[in-house]
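Every chain is numbered from 1, with letters handed out A, B, ... down the list of sequences.
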Amino acid sequence: MFANTASRLLAHYRENARSLPWRASPGAARTDPYRVWLSEVMLQQTTVATVIPRFQRFLDRWPTIEALAAAEDAEVLREWAGLGYYARARNLIACARAVAQRGGFPETEAELRGLPGLGDYTAAAIAAIAFGRRAVVIDTNVARVVARLHAIEQPLAETRRQIRALMDALTPDEDVGDFAQAIMDLGATVCRPRAPRCEACPLQSECAAFASGEPESFPPRALRRERPHRFGAAWWIERNDALWLVRRPARGLLGGMPALPGSEWSDVPPAEPVLATVAHGFTHFTLDLAVVARSEPLGDGWWHPMDQIAEAGLPTLYARAVSAVLDARSERRAA
DNA sequence: AAGGCGTGGTG
DNA sequence: TCACCAAGCCT
């Protein structure tokens with residue numbers, strides 16, 4: 001049964017594989033490890049549609065891992081701006097330099113797992129897709145597909161070992177890169193979290209969740225905690241058509257990224273008059289950021305020309321804050 | 001080991 | 001509209 005399951009997945013993949021800039025055509029035993037690694041890191045918790053153009057820009061700018069390893073930190077962070085989870089960019093730099101130093105990527109899952117930013121999933125994916133090494137590749141798509149195939153009643157967080165054993169049994173000894181991509185594609189496009197398209201699924205006849213009549217109810221959703229709401233102020237310091245920017249501390253929220261200087265987050269809104277306010281959602285809290293005018297530069301920073309603000313590499317929170325102020329200003333001018 | 005860590009798309 | 005979710009990793 002398991003061998004047939006993998007065969008059906010592979011056959012479905014060969015018919016339906018999406019053409020993606022980092023993906024070799026089905027049947028390729030190996031794929032350029034630099035492309036696989038770069039795309040896999042970008043795809044950590046980030047959608048394919050978002051990654052495609054960003055991957056292309058990175059590859060155009062730094063065609064090899066040696067080129068990326070030689071880049072300035074600030075330039076890599078600038079190119080990453082807007083992608084989120086900025087620790088990935090910091091790890092990307094460290095990983096590129098470690099790999100360039102040792103003369104290329106290691107080919108085993110265990111060695112890959114030791115590189116910065118490569119966890120269980122990414123190390124397994126690179127071993128399988130780039131090097132054709134058998135590895136048990138489990139991302140959230142795979143976990144969901146397997147949980148539905150077996151109608152597992154517990155939340156995923158409680159069944160990691162069971163899912164892993166089932167996926168190990170499902171994983172073939174050959175075509176391992178295609179197989180990993182096949183089952184992830186199935187999860188992304190057919191066995192979706194909501195509104196699964198069971199009518200298009202090659203595994204329908206062997207799926208316990210489908211047989212139950214309520215495939216969407218597997219796996220059960222874990223209860224989520226409420227996101228707190230916070231407030232903050234950012235200082236708008238403008239002089240000679242330039243804006244005063246600072247770099248945030250290397251660790252923590254938006255770590256290492258350029259930003260408007262500002263207050264710590266607070267539980268109450270600022271009392272001062274504001275130029276504009278933006279509401280922004282983070283993973284674990286929502287933020288109302290009020291932009292407040294100041295006259296004197298604060299902290300270590302630099303003057304950034306206003307007409308080049310789009311190239312400053314601001315993370316989305318601050319890019320939106322800048323846009324909000326400029327929009328308010330042009331509306332006032334029009335009035 | 002449970003929580004910190006971004007952002008955009010969607011059903 | 002808005003809650004949910006994404007090719008997770010790190011501490």
Review point. Heavy atoms under 4.0 Å, any strand shown: does A:L83 hit a base, just sugar-phosphate, or nothing?
Key: base
Check your understanding: Side chain of A:R88: nearest nucleotide among B:dG11, B:dG6, B:dG8?
Key -> B:dG6
Review point. Do A:R134 side-chain atoms and A:D175 backbone N/O form a donor-acceptor pair below 3.5 Å?
Key: no
Point to revise | Atom pair distance, as rounded to whole Å: CE in A:M42 and P in B:dG8 | key: 15 Å
Practice item. Between protein and nucleotides 6-11 of chain C, map the contacts as a letter string: B base, S sugar-phosphate only, - none, heavy atoms under 4.0 Å, written 5' to 3'. Key: BBBSS-
Review point. Between B:dG6 and C:dT11, how far is it from one P atom to the other, in whole Å?
Key: 14 Å
Practice item. Could you state the atom-to-atom distance from CE of A:M257 to P of B:dT7 in whole Å? Key: 8 Å
Exercise for review: Examine B:dT7: is either OP1 or OP2 under 4.0 Å from a nitrogen or oxygen in the side chain of A:H280? Give yes or no.
Suggested key: yes
Review point. Okay, side chain of A:R248, backbone of A:L253: is any donor-acceptor separation there less than 3.5 Å?
Key: yes
Exercise for review: Can you tell me the distance, in whole Å, between the CZ atom of A:F282 and the C1' atom of B:dG4?
Suggested key: 12 Å
**Study point:** A:F218 six-ring face occupied by A:R148 cation (under 6.0 Å, within 45°)
**Key:** no
Practice item. Please say which of A:E109, A:E174, A:E107 ends up in a salt bridge (charged side-chain N to carboxylate O under 4.0 Å, His left out) with A:R133. Key: A:E107
Check your understanding: Is any side-chain nitrogen or oxygen of A:R221 closer than 4.0 Å to OP1 or OP2 of C:dC5?
Key -> yes
Point to revise | Rounded distance in Å between the P positions of C:dA7 and B:dC5 | key: 23 Å
Practice item. May I have the distance from A:H229 (atom NE2) to C:dC2 (atom C1'), rounded to whole angstrom? Key: 15 Å
Point to revise | Rounded distance (Å) that lies between atom C1' of B:dC5 and atom CG of A:L92 | key: 17 Å
Review point. In whole Å, what is the span from the CH2 atom of A:W80 to the C1' atom of B:dT7?
Key: 12 Å
Check your understanding: Do any N or O atoms from the side chain of A:R113 and from the backbone of A:L118 form a donor-acceptor pair under 3.5 angstrom?
Key -> yes
Review point. Tell me, do A:V291 and A:V278 make a side-chain contact under 4.5 Å, heavy atoms counted?
Key: no
**Study point:** Nearest-Å distance for atom pair CZ/C1', residues A:R160 and B:dA2
**Key:** 12 Å
Check your understanding: Mind checking whether A:F285 and A:W265 have parallel, tilted or perpendicular rings, split at 30° and 60°?
Key -> tilted
Exercise for review: Go through the side-chain N and O atoms of A:R227 and A:H284 and say whether any donor and acceptor fall under 3.5 Å apart.
Suggested key: no
Check your understanding: Is A:T316 near enough to B:dG6 that one of its side-chain N or O atoms lies under 4.0 angstrom from OP1 or OP2?
Key -> no
**Study point:** For atom CZ of A:R197 and atom P of B:dG11, their distance in whole Å
**Key:** 10 Å
Practice item. Verify the contact: side-chain N or O of A:H284 to OP1 or OP2 of B:dG3, cut-off strictly under 4.0 Å; return yes or no. Key: no
**Study point:** Below 4.0 Å: OP1/OP2 of B:dG6 and any side-chain N or O of A:R248
**Key:** no
Point to revise | A:R227 vs A:R192, nearer the 5' end of DNA chain B by closest nucleotide | key: A:R227
